[in-house]
Colleague: 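Quick one: the structure is below, questions incoming.
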Amino acid sequence: MAAALALTAALAGCGSAEQAHLADGPSPTLTEFTPRIGLLLPDTHTARWETFDRPLIEAKVDQICPGCTVDYANAQGHVAAQKQQLESMITGGVDVMILDPVDARALAPAVSKAIHAGIPVVSYDRLADGPISGYVSFDARRIGRLQAEALLRAMGPEADGGQIVMMNGDPADPNATALKRGALEVFNGRVRVAKAYDTDRWRPEIAHANMSGAIAALGADGIDGVYAANDGIAGAVISVLKSDFVEPLPPVTGQDADLAAIQRIVAGEQYMTVYKPFKPMADAAAEMAVALGRGDPPGAIAPEHAREDTLRGVPAVQFDPIPVTAGTVRDTVVRDGMYTIAQICTPKYASACARAGLTV
């Protein structure tokens, strides 16, 4: 029902856009119409948004829809800012939106407002609350399981009965909830979660403070592994461990395949990350947005429906994530062109790269 309503709204929105062109001459057909696309991303402290997602989405829109424009806004991690940006795009006359919400629940009324204004909303990466018209993401529960499985492998004998710290993501992000659920499904009955923290807005400085508290409570010898929900959190965790002279470092997980995380993995400081090929996801979001903005059905782009029970019937594209360790860097992020060996193997990491076989 939500999908049907959203698609009806999308068609209504394109009808209004076509009527606006009548004064300038003959109206284009739906497939020729060049919609204005609003792109709203959540923050800048997570490297991927500005480094990959934004330029990839803009490039794909330009490729498949010459003349289409992308109105871009980044919320800098602030819910109120993103709400204002979304409402400004509604009044400014965008035809469709791609939204990665800072806080899914808080943005729900604004999403409903967009739909009621005839503007379809494609939920990107993080699931937005409200009557969304499409969803493009990775399977977050699967990511949590991959992270937990990798951590147990890295812990070796300590995987049975050992003690870990869980540094989870933002509780306002549905992805963080799914990650935690997937990880706990693997940890249950194997290790003891001695300390668990949520990381408001995924901010590394909050993770830094929380990890300091975990070490103070458990002692450096009381931590056999750290589940870190993403690479920004992992970087903060490792910084605290190193500043407290913890040696050897316990295995630490991550997610997003940030360049700094890949370098930490090569250097042996971070055990793994999860690589989510951003280009296929960005391409799917751009294609879905252009289709919805033109009033075309998104079925050819999103042949499946969202796996979440609360989104039955919503057109969705969900990709499978890929775990990355030191031994698979070349066959994943390097092979796919995400980073070159030269980018990874700066002088600081030259000897570590040589040990890992990462040479040109």
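Bear in mind the structure is a predicted one, so any value in this text is a computation, not a measurement.
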Colleague: Do you know the tightest heavy-atom contact between V136 and F319?
Modeller: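 Of all heavy-atom pairs spanning V136 and F319, the closest is CG1-CE1, 4.2 Å.
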Colleague: Hey, what do you get for CD1 (I143) to OG1 (T253), rounding to the nearest 0.5 Å?
Modeller: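 Here the interatomic distance stands at 11.5 Å.
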Colleague: Is the backbone N or O of M272 less than 3.5 Å from a side-chain atom of Q270, with the two atoms forming a donor-acceptor pair by type?
Modeller: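 Here the side-chain-to-backbone pair exists.
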Colleague: Write down the atom of L86, the atom of A114, and the distance for their closest heavy-atom approach.
Modeller: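 Taking L86 first and A114 second, the nearest heavy atoms are CD2-CB, 4.4 Å.
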Colleague: With a 4.5 Å heavy-atom cut-off, do F138 and D320 have their side chains touching?
Modeller: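 They are not in contact (no side-chain heavy atoms under 4.5 Å apart), so the answer is no.
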Colleague: Spell out, as yes or no, whether a donor-acceptor pair under 3.5 Å connects the side chain of H45 to the backbone of R201.
Modeller: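 Indeed, once roles are kept as given, a pair shorter than 3.5 Å links the two residues.
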Colleague: Is there a donor-acceptor contact under 3.5 Å from the side chain of N230 to the main chain of G232?
Modeller: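 The answer is yes, because a donor-acceptor pair under 3.5 Å joins these two groups.
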Colleague: Regarding N74 and W49, is there a side-chain donor-to-acceptor distance under 3.5 Å anywhere?
Modeller: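 W49 and N74 do not have a side-chain donor-acceptor pair below 3.5 Å.
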Colleague: Backbone N or O of T340 within a donor-acceptor pair of the Q343 side chain at under 3.5 Å?
Modeller: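 Yes.
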Colleague: Shared ILVMFWY cluster between M167 and I206, side chains joined below 4.5 angstrom?
Modeller: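 No, it is not one cluster - the side chains of M167 and I206 are not joined through contacts under 4.5 Å.
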Colleague: Determine, step by step, whether Y349 and L358 satisfy the side chain to side chain contact (heavy atoms under 4.5 Å, CB included) criterion, reporting the C-alpha distance in whole Å, the side-chain angles of both residues, the deciding distance to 0.1 Å, and the verdict.
Modeller: CA-CA 10 Å; Y349 297 98; L358 285 176; over 6 Å; no
Colleague: For the residue pair I265 and Y271, establish whether any side-chain heavy-atom pair is separated by less than 4.5 Å.
Modeller: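 I265 vs Y271: side chains apart.
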Colleague: Between D103 and A106 (side chain of the first, backbone of the second, donor and acceptor by atom type, cut-off under 3.5 Å), is there such a pair?
Modeller: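 Side chain of D103 to backbone of A106, a donor-acceptor pair under 3.5 Å: yes, one is there.
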Colleague: Please determine whether residues L146 and F278 belong to a single hydrophobic cluster, defined as Ile, Leu, Val, Met, Phe, Trp and Tyr linked transitively by side-chain heavy-atom distances below 4.5 Å.
Modeller: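 No, L146 does not connect to F278 through the hydrophobic network.
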Colleague: Just wondering, are more than 12 heavy atoms of other shown residues or ligands nearer than 6.0 Å to CZ in R181?
Modeller: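 Counting other residues, nucleotides and ligands, CZ of R181 exceeds 12 neighbours.
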Colleague: Would you mind writing out the side-chain donor-acceptor pairs for residues 233-249 within the sub-3.5 Å range, not counting sequence neighbours?
Modeller:
| residue | atom | partner | partner atom | Å |
| --- | --- | --- | --- | --- |
| K242 | NZ | E269 | OE2 | 2.8 |
| S243 | OG | S239 | O | 3.3 |
| S243 | OG | V240 | O | 2.9 |

Colleague: Where the side chain of T346 meets the backbone of A342, is there a donor-acceptor pair that is under 3.5 Å apart?
Modeller: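 Not a single qualifying donor-acceptor pair exists.
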Colleague: What is the distance from atom CD1 of I37 to atom CD1 of I98, rounded to the nearest 0.5 Å?
Modeller: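 These two atoms lie 6.0 Å from each other.
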Colleague: Distance check, rounded to the nearest 0.5 Å: S123 atom OG versus M288 atom CE?
Modeller: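 Rounded to the nearest 0.5 Å, the OG-CE separation comes out at 10.0 Å.
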Colleague: Taking all non-hydrogen atoms of both residues into account, name the closest pair between V314 and Y135 and its distance.
Modeller: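 Heavy-atom minimum between the residues: CG1-N, 4.4 Å.
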Colleague: Starting from the C-alpha separation in whole Å, work towards a yes-or-no answer on side chain to side chain contact (heavy atoms under 4.5 Å, CB included) for K279 and M338.
Modeller: CA-CA 9 Å; K279 189 175 188 309; M338 186 173 183; over 6 Å; no
Colleague: Does a side chain donor of either D231 or T273 reach within less than 3.5 Å of an acceptor in the other side chain?
Modeller: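 There is such a pair (donor and acceptor under 3.5 Å, judged by atom type) between the side chains of D231 and T273.
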Colleague: Residues two or more places apart in sequence or in another chain: which of them pass side chain to side chain donor-acceptor pair (under 3.5 Å) with D331?
Modeller: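 Side chain to side chain donor-acceptor pair (under 3.5 Å) check on D331 returns nothing, list empty.
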Colleague: Measure from the side-chain N and O atoms of Q318 to the backbone N and O of S137, and report whether any donor-acceptor pair falls under 3.5 Å.
Modeller: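 Between the backbone of S137 and the side chain of Q318 there is no qualifying donor-acceptor contact (under 3.5 Å).
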Colleague: Ignoring hydrogens and geometry, is there a side-chain-to-backbone donor-acceptor pair from T51 to A47 under 3.5 Å?
Modeller: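 Yes; at least one donor-acceptor contact below 3.5 Å.
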Colleague: Quick check: do P120 and P298 have side-chain heavy atoms less than 4.5 Å from each other?
Modeller: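 Contact flag for P120/P298 side chains = no.
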Colleague: Quick one: does any side-chain atom of H116 pair with a main-chain N or O of S112 as donor and acceptor, under 3.5 Å?
Modeller: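 Such a contact is found between H116 side chain and S112 backbone.
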Colleague: Return a table of donor-acceptor pairs under 3.5 angstrom between the side chains of residues 148-162 and protein atoms on other chains or two or more places apart.
Modeller:
| residue | atom | partner | partner atom | Å |
| --- | --- | --- | --- | --- |
| D160 | OD1 | R190 | NE | 2.7 |

Colleague: Could you check I115 against V121 for side chain to side chain contact (heavy atoms under 4.5 Å, CB included), going step by step and ending with a plain yes or no?
Modeller: CA-CA 7 Å; I115 297 297; V121 176; 4.2 Å; yes
Colleague: When rounded to the nearest 0.5 angstrom, what is the spacing between CZ in F33 and CG in D95?
Modeller: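 Those atoms lie 4.0 Å apart.
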Colleague: Does a donor on one side chain and an acceptor on the other come within less than 3.5 Å for T91 and E87?
Modeller: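 No - no donor-acceptor pair under 3.5 Å links their side chains.
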Colleague: Is the shortest heavy-atom distance from the side chain of K276 to the side chain of M281 under 4.5 Å?
Modeller: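 Not in contact.
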Colleague: Following the transitive rule for hydrophobic clusters with a side-chain heavy-atom cut-off under 4.5 Å over Ile, Leu, Val, Met, Phe, Trp and Tyr, establish whether M211 and V191 coincide in one cluster.
Modeller: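 Both belong to a single hydrophobic cluster.
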Colleague: Under a 4.5 Å cut-off applied to non-hydrogen side-chain atoms, are P101 and P42 in contact?
Modeller: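 The answer is no; the side chains never approach within 4.5 Å.
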Colleague: Got a sec, which pairs hit salt bridge (charged side-chain N to carboxylate O under 4.0 Å, His left out) with one end in residues 35-50, sequence neighbours left out?
Modeller: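 For residues 35-50, and leaving out neighbouring residues, the salt bridge (charged side-chain N to carboxylate O under 4.0 Å, His left out) pairs sorted by first residue read R36-D71, D43-R126, R48-D53, R48-D125, R48-D256, E50-R54.
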Colleague: When rounded to the nearest 0.5 angstrom, what is the spacing between CG in L107 and NZ in K113?
Modeller: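 Rounded to the nearest 0.5 Å, the CG-NZ separation comes out at 12.5 Å.
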Colleague: Evaluate the criterion side chain to side chain contact (heavy atoms under 4.5 Å, CB included) for residue pair R192 and I164; output intermediate values, then yes/no.
Modeller: CA-CA 6 Å; R192 175 174 177 259; I164 68 168; over 6 Å; no
Colleague: Can you find a pair of side-chain heavy atoms, one from M97 and one from V122, that are under 4.5 Å apart?
Modeller: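 Not in contact.
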Colleague: Any salt bridge (charged side-chain N to carboxylate O under 4.0 Å, His left out) pairs touching residues 335-354, not counting sequence neighbours?
Modeller: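 Non-adjacent pairs meeting salt bridge (charged side-chain N to carboxylate O under 4.0 Å, His left out): zero.
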Colleague: Verify, without hydrogens or angle tests, whether T199 (side chain) and N168 (backbone) share a donor-acceptor contact under 3.5 angstrom.
Modeller: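 Pair found, side chain donor or acceptor close to backbone of N168.
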Colleague: Donor-acceptor pairs are to be reported for all side-chain atoms of residues 219-227 against protein atoms at under 3.5 Å, with residues two or more places apart or in another chain.
Modeller:
| residue | atom | partner | partner atom | Å |
| --- | --- | --- | --- | --- |
| D224 | OD2 | Q163 | N | 2.8 |
| Y227 | OH | Q147 | OE1 | 2.6 |

Colleague: Looking at side-chain heavy atoms only, is the closest gap between M166 and K195 below 4.5 Å?
Modeller: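 No, side chains not in contact.
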Colleague: Does the side chain of Q82 reach to within under 4.5 Å of the side chain of L99, using non-hydrogen atoms?
Modeller: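 Heavy-atom side-chain distance check passes, below 4.5 Å.
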Colleague: Looking only at non-hydrogen atoms, find the nearest pair between P321 and P323 and report the distance.
Modeller: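 Scanning both residues, the minimum pair turns out to be O-CD, 4.2 Å.
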Colleague: Which atoms form the tightest heavy-atom contact between P297 and A291, and what is the distance?
Modeller: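 The pair with the smallest heavy-atom distance is O-CB, 4.5 Å.
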Colleague: Identify the heavy atoms of A140 and L179 that sit nearest to each other, and give their distance.
Modeller: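 Shortest heavy-atom contact: O-CD2, 3.3 Å.
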Colleague: Measure the CD-SG distance between E58 and C68 for me, rounded to the nearest 0.5 Å.
Modeller: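 E58 atom CD to C68 atom SG measures 12.5 Å (nearest 0.5 Å).
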